[in-house]
Amino acid sequence: DSLRAWLLRQPLHTFAAALVSVDMLAYGGAVPARMLQTPLADAQKRLGLVRTLRKLAPALPIYAQSVVMRLAPTGTTQTNAYRNALTRWAEVSTGSDSASRAETALLVQQLPPAILTAYRQTRAQINQRAIDLVQEGAINYLILTQDDAKEQGVHVTDQIRLQAYIRQRGVGSRVLLQPGADEGAMVLLARALIHQYAVKPTVRVVYSSEVLSQQVMPYEDRPLNQTVSAHIRAAGGRQVEAGQQVDLLFYVFLSRFEPGAADRFAERIASQ
């Protein structure tokens, strides 16, 4: 609420762009967003500030990030009693095999009903409200960024529903759902600069290991090369393959556990 008051005191017409953290406006940050303590109605009301910003500065480009909640709630003295069980429920409850169903039933018995209800209701709701703001024209471009995840879990269902909601709202060209929450603001900053200077850089990605680039990294739900490509699109660049003229070479080092790999990759970079 103090952040809202501070924002409304700013000379909005003097800025080139606004980069908005939906989680900060609605909950006070990514950590409070996972603590299930802010009523959804309050979070939605706070997010209405974006509409106010649009009215006060109609020409201001507004870029926003909304985090798709990770599987595990934030660890606190209050959540420690059920955190592991809830995290495991989030991982296995979408499984269709008999073992997953049986484990899900046992976990439900261990979890406080109010906590499980709040967890279900919190997931993806504020993401949908952010999509609505794009459809209304209050937000110019939105990235929905998946926080820590695995290849299976309730977040996969969230993503499917959000993709359907994006299509329903007709905002597919202005909303991108991608992995990687921590770097979201920097990706939006790159997009704001690219838009401001009316450029669309071409980018070729060079991995230290093509094999590793196709693997799913820890805390992710898809292969790394898909994550990198999504970041380039979100920033406003265009990825091209080898043999084409490019504006930028994007080097990605993956081989830290391979002896001598860093030196060999540095030599490869220096030679190009």
Side-chain angles (χ1 to χ4, degrees), residues 16-17 19-21 61-68 127 130-131 134 139-151 155-156 158-160 162-164 166-167 169-256 258 261-262 264-272:
L19 310 182
V20 175
S21 166
I62 298 178
Y63 306 93
Q65 174 191 10
S66 181
V67 174
V68 181
N127 304 131
I131 294 170
V134 176
I139 292 175
N140 295 82
Y141 192 82
L142 170 70
I143 53 174
L144 302 172
T145 55
Q146 178 63 58
D147 202 356
D148 297 350
K150 297 184 177 181
E151 292 184 79
H155 66 290
V156 176
D158 292 341
Q159 292 179 18
I160 292 172
L162 288 169
Q163 292 285 20
I166 290 167
R167 291 192 295 271
R169 291 297 188 185
V171 293
S173 64
R174 292 180 286 154
V175 180
L176 182 63
L177 198 159
Q178 65 174 63
D182 295 341
E183 63 273 28
M186 296 306 296
V187 171
L188 288 177
L189 176 59
R191 187 176 188 90
L193 291 168
I194 284 172
H195 174 77
Q196 182 178 354
Y197 292 102
V199 295
K200 191 175 183 66
T202 53
V203 182
R204 184 167 77 246
V205 184
V206 181
Y207 294 100
S208 63
S209 169
E210 289 294 336
V211 173
L212 290 176
S213 75
Q214 300 171 38
Q215 295 183 11
V216 178
M217 297 291 115
Y219 305 107
E220 299 290 345
D221 61 0
R222 69 199 72 187
L224 179 69
N225 55 10
Q226 294 183 21
T227 298
V228 171
S229 295
H231 280 57
I232 293 171
R233 289 197 305 274
R238 180 169 65 87
Q239 186 173 349
V240 299
E241 301 303 322
Q244 302 181 48
Q245 186 67 31
V246 295
D247 300 310
L248 297 170
L249 291 172
F250 183 14
Y251 293 96
V252 182
F253 181 68
L254 303 166
S255 312
R256 60 182 173 144
E258 181 183 341
R264 291 194 297 274
F265 198 48
E267 292 171 0
R268 183 179 173 189
I269 293 171
S271 67
Q272 293 187 346

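Excluded from the calculations below are hydrogen atoms, water molecules and symmetry mates; all remaining heavy atoms, backbone and side chain alike, are included.
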Mind checking the [atom1]-[atom2] spacing from [X] to [Y]? Nearest 0.5 Å is all I need.
X      : Y      : atom1 : atom2 : answer
Ile131 : Arg174 : CD1   : CZ    : 11.5 Å
Arg204 : Asp247 : CZ    : CG    : 11.5 Å
Ile194 : Leu188 : CD1   : CG    : 11.0 Å
Asn225 : Met217 : CG    : CE    : 9.0 Å
Ser208 : Arg256 : OG    : CZ    : 11.5 Å
Thr202 : Gln239 : OG1   : CD    : 11.0 Å

Can you find a heavy atom in the side chain of [X] that is under 4.5 Å from one in the side chain of [Y]?
X      : Y      : result
Gln272 : Tyr251 : yes
Tyr207 : Leu254 : yes
Arg222 : Thr227 : yes
Ile62  : Val20  : yes
Ile166 : Leu144 : yes
Leu249 : Ile269 : no
Gln178 : Thr145 : yes
Arg169 : Val134 : no

Please step through side-chain contact (heavy atoms from CB on, under 4.5 Å) for the pair Leu189 and Tyr63, ending with a clear verdict. CA-CA 9 Å; Leu189 176 59; Tyr63 306 93; over 6 Å; no
Exceeds 12 heavy-atom contacts within 6.0 angstrom, atom [atom1] of [X]:
X      : atom1 : answer
Tyr219 : OH    : no
Gln245 : CD    : no
Arg264 : CZ    : yes

Could you report the tightest heavy-atom contact between [X] and [Y], atom names first, then the distance?
X      : Y      : answer
Ser213 : Glu210 : OG-O, 2.7 Å
Leu19  : Ala192 : CD2-CB, 4.3 Å
Leu248 : Pro201 : CD1-CB, 4.2 Å
Leu212 : Ser255 : CD1-OG, 4.2 Å

Just jot down the salt bridge (charged side-chain N to carboxylate O under 4.0 Å, His left out) partners of Asp221, sequence neighbours excluded, or say none. none
In chain order, what residues pass the salt bridge (charged side-chain N to carboxylate O under 4.0 Å, His left out) check against Arg268, with sequence neighbours excluded?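 Checked Arg268 against salt bridge (charged side-chain N to carboxylate O under 4.0 Å, His left out); zero matches.
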Among Leu142, Ile143, Asn127, side chain to side chain contact (heavy atoms under 4.5 Å, CB included) partner for Val175: Leu142
Does a side chain donor of either Gln146 or His155 reach within less than 3.5 Å of an acceptor in the other side chain? no
Is the NZ or CZ atom of Arg191 both under 6.0 Å from the centre of the six-membered ring of Tyr141 and within 45° of that ring's axis? yes
